[in-house]
Amino acid sequence: MRRISLGTALIFAGLLAFIVAAIGADVFASNDPLRQSLLLRLRPPGTATATAYFPLGTDDLGRDLLARILYGARASLMVAALSVSVSLLVGVTLGLMAGWFGGWVSIVAMRAVDTMLSIPAILLAVLTVAVLGPGFFNLVLVLGLTRWPRYTRVAYAQTLQVAALPYVRAAEMAGCGPGRILLRHVLPNIAGPLMVVATSEFGLMILFEASLSFLGLGIQPPYPSWGSIMSAGRQYVVRAWWLTAFPGACLFGVVLCVNLFGDWLRDRVDPRSQGR
Amino acid sequence: MIALSVRDLSLAIGRTNIVDAISFDVAPGEVLALVGESGCGKSVTAQAIMRLLPAAIRQTGGEITLGATSLSNLPARAMRDLRGRQIAMIFQEPQSALDPLATVGNQIAEALRQPLAKVRAEVRQMLVEVGISDPDRRIDQHPFELSGGMCQRVMIAIALIARPAVLIADEPTTALDVTIQAQILALLRRLAAERQTAVVLITHDMGVVADIADRVAVMYAGRVAETGPTAAVFATPAHPYTALLLASIPRLSDVPKSALAVIDGQVPQPADYGAGCRFAGRCPRADRRCVAETPALRPVADGRLVACFHPVGG
C-alpha cells in the first residue's frame with residue numbers, strides 16, 4: 001500500500017464529505033429546505049424551538065439554512081458533473097477528430113476553439129439564459145456548451161503525439177478503422193491529461209453555477225443553490241452574517257479541495273513529476 | 001504461383017524521386033529479403049505496399065498485386081479490410097508497437113476483429129505456436145510485463161493469427177539481443193513455411209539475410225541493384241555494390257589483423273541522383289557510360305538479375 005500524506009487525506013475527506021452531503025441531503029437535513037416560517041426569520045446559528053433545531057440558523061424567510069446548504073450542494077454537484085460530462089464529450093470528440101484527420105477538420109475545430117475562448121464566458125451565459133430562460137437544464141447546457149475548448153486543445157495535442165507512436169501505426173497496419181483506433185487505442189492513452197483538465201473544470205463549474213445563481217440566472221427560487229442563498233443574504237450581511245458566511249465557506253472549501261485534488265491527480269498522471 | 005508482386009514501383013517526395021521502378025515477386029512460403037542501407041527506400045516500399053505512405057510521399061508509378069487483386073486502385077475501405085487479414089506487418093520496436101494499455105489477448109483478438117471472449121482458445125493456441133510459455137497467464141498481461149523478445153512473439157502472433165497471404169517484416173530483430181534474434185528468425189521461417197505465408201523481410205543485416213531468406217533483393221539508393229537466390233548472391237555477387245558490401249563484413253579470422261573494409265564515399269542524396277547508375281560515384285568499375293545511362297536489370301547466371309554494365313565476373 002502506498003502511504004498517503006495527511007494533506008492528501010484531508011483533500012479526499014473534503015471531497016467525500018461534499019459528495020456524501022449532496023447525495024444524502026434528504027437524510028442529513030432534519031428540516032424541509034423549502035418550508036417557510038416567517039416567525040422564525042433570520043435566527044442565528046444554534047436556534048432551537050419546541051419542534052425544530054436550526055444548527056446554522058434560518059434565512060430571511062425562516063427556512064433552515066443547513067438544509068438549504070445541503071440541497072445546494074446537490075445542485076452544485078449535479079450541475080458541475082453534468083456540464084463537465086457534456087463539455088468533455090463535445091470537446092474530446094472534436095479534439096480526437098482534429099488530431100487524427102488533420103487538414104480542414106483540425107482547422108475548423110481549432111478556429112472554433114479560438115473563437116469560443118475569445119468570448120467572455122459569463123457574457124455568453126447571460127445572453128444564452130436571456131434567450132432560453134433560466135433553469136437547471138439550460139444552466140447545464142450553457143456551461144457544457146461553452147466550456148469544451150480546453151478539452152479540445154488538450155485532446156488535439158495529445159492525439160497528435162499518440163498518433164505518431166508505433167502502436168497506433170501498427171493498429172492502422174492491422175486494418176483498424178479510424179473509429180476503432182481513436183476509441184480503443186488513442187482515447188485510453190490520453191485519458192490521464194483529460195481527467196486532470198476535467199477536474200480543474202469541475203471546480204470552475206461549481207464556481208460558475210454559484211456565480212450564475214448569484215446573478216439570478218441559474219437555479220431558480222425557491223430551490224436552493226449556494227449562489228442564490230448568498231445573493232439573498234447579501235442585503236442582511238450586517239444583521240445575519242451566517243447567510244453569506246456558511247455557503248461562502250462551503251463554496252471555498254469544496255473548490256479548494258477539487259483544485260488540490262486536480263494537482264494531486266496531475267502529479268500521478270504526469271510521469272515527469274513522479275518521484276519528486 | 002505468386003503471393004505478392006511489385007512491378008516498377010516508383011515513389012517521390014514532391015519532385016524528388018526516392019524509389020525508382022523497383023520490382024519483385026514473392027511466392028507463398030518463400031522469404032524474400034529486401035536489403036539495403038538506411039534511406040535506400042526499403043521501409044517506404046513496405047508502406048507503399050500497405051498503402052499507408054506518409055502524407056509527403058506519393059506513388060508516382062507501378063503496380064502492386066496481392067494474389068489476383070491489384071492494390072493500386074482498390075477503394076480505401078476494401079484496402080483496410082485487406083490489412084491484417086491478407087497482408088500483415090511487424091515492426092522494429094516490438095515494445096512500442098503494442099498498445100501499452102491493452103492486454104496481449106485483446107490485441108491479438110483485435111486482428112481477428114472479434115472480442116477476446118469469443119476467440120480466446122484460438123488466441124491461446126496462437127501464443128503457443130509463437131513459443132510463449134505459460135500462455136494462460138500471458139494472455140491477460142500488458143506489454144510492460146513482457147520482455148522484448150516476448151513482445152516480438154506477440155507481434156508475430158497478431159500478424160499471423162488471421163492467416164495472411166503476405167507478411168511484411170520491417171527489421172523485426174533489430175531491437176533484440178543476438179540470441180533472441182536467431183530464435184525469432186527461426187520462428188518466422190517455420191511459421192511462414194507451415195502456413196505458406198509469403199514473407200518480405202526488410203533488413204540491413206546480411207547475417208539475417210543469410211539466415212532465413214530464400215531470395216534476396218539488394219537495394220541501393222532507391223533501385224534494385226541485384227536480385228536472386230540468396231546462396232548464389234552470397235557466393236558470387238554480380239553487382240559491384242553487393243560484392244563490396246559482402247566484402248565489408250568483418251570475418252572473425254581477420255580481426256584484428258586487417259583494417260575494416262569500407263566502401264569509399266557516401267550514398268547520394270535523392271536530390272543528387274544523376275542520370276546514370278547511382279552507385280557510379282563509388283564504384284571501382286565505373287566508366288563514362290555508367291554516369292550517363294541507367295543500367296536495366298538483366299539476367300546473369302543462376303537465375304539472377306543485376307543492374308550493372310560491368311558485373312563482377314561477367
Side-chain angles (χ1 to χ4, degrees), chain A residues 2 92 95-110 154-196 198 265 268-272 274-275, chain B residues 43 46-47 49-55 76-103 106-113 115-116 142-144 151-152 154-162 164 166-171 175:
Chain A
R2 192 189 290 261
V92 172
L96 281 174
M97 295 203 341
W100 183 255
F101 294 108
W104 64 267
V105 182
S106 71
I107 294 173
V108 170
M110 298 325 284
V154 173
Y156 174 67
Q158 296 284 325
T159 304
L160 282 183
Q161 269 184 27
V162 172
L165 294 179
Y167 63 83
V168 173
R169 275 176 36 232
E172 216 181 356
M173 298 278 183
C176 293
R180 188 172 183 89
I181 290 180
L182 287 177
L183 290 180
R184 294 290 297 271
H185 297 291
V186 177
L187 187 58
N189 284 291
I190 68 170
L194 286 174
M195 289 324 294
V196 173
L265 197 64
R268 296 297 296 269
V269 161
D270 184 356
R272 275 170 302 185
Q274 247 165 38
Chain B
S43 291
Q47 290 167 350
I49 296 170
M50 298 299 279
R51 284 217 356 227
L52 283 172
L53 284 167
R77 183 71 213 222
M79 187 64 218
R80 193 205 294 165
D81 286 339
L82 286 186
R83 287 186 206 121
R85 293 181 170 174
Q86 288 297 312
I87 181 162
M89 187 156 177
I90 57 178
F91 300 88
Q92 207 174 122
E93 321 97 350
Q95 253 150 338
S96 51
L98 293 171
D99 186 336
L101 295 181
T103 62
N106 274 317
Q107 296 191 59
I108 300 176
E110 190 172 48
L112 291 171
R113 269 90 155 170
L116 178 60
H142 288 86
F144 75 89
C151 283
Q152 193 58 287
V154 170
M155 285 296 298
I156 293 172
I158 293 172
L160 291 182
I161 193 165
V166 175
L167 172 70
I168 299 174
D170 190 354
E171 311 241 3

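Here the structure is a predicted model, which means the values were calculated and not measured. All values below come from the heavy atoms of this structure, side chains included, with hydrogens, waters and symmetry mates left out. Reminder, nothing fancy here: chain letters follow the sequence lines and each chain counts from 1.
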*Keeping to residues at least two apart or across chains, list the salt bridge (charged side-chain N to carboxylate O under 4.0 Å, His left out) pairs with something in residues 157-178 of chain A.*
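Matches after skipping sequence neighbours: none remain.
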*asked:* At under 4.5 Å between heavy atoms, what parts of residues 97-108 of chain A are in contact with chain B? List them by residue number.
replied: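 Near chain B, by residue number: none.
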*asked:* I need the residue from B:I158, B:L101, B:I168 with the largest number of non-hydrogen atom pairs under 4.5 Å to chain A.
replied: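 It is B:L101.
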*What residue in B:A55, B:P100, B:A76 has the most heavy-atom pairs under 4.5 Å with chain A?*
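That would be B:P100.
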Donor-acceptor pairs are to be reported for all side-chain atoms of residues 82-93 of chain B against protein atoms at under 3.5 Å, with residues two or more places apart or in another chain.
residue, atom, partner, partner atom, Å
B:R83, NE, B:M50, O, 2.9
B:R83, NH2, B:M50, O, 3.4
B:R83, NH2, B:R51, O, 3.3

*Determine the minimum heavy-atom distance between A:A174 and B:R113, stating which atoms define it.*
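That would be O-NH1, 3.3 Å.
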Show me the donor-acceptor pairs, under 3.5 Å and distance only, between side chains in residues 179-195 of chain A and residues at least two apart or in other chains.
residue, atom, partner, partner atom, Å
A:R180, NE, B:E110, OE2, 2.8
A:R180, NH2, B:E110, OE2, 3.4
A:H185, ND1, B:D99, OD2, 2.7
A:H185, NE2, B:E110, OE1, 2.8
A:H185, NE2, B:E110, OE2, 3.0
A:N189, ND2, A:Y167, OH, 3.3
A:N189, ND2, A:H185, O, 2.6
A:N189, ND2, B:D99, OD1, 3.0

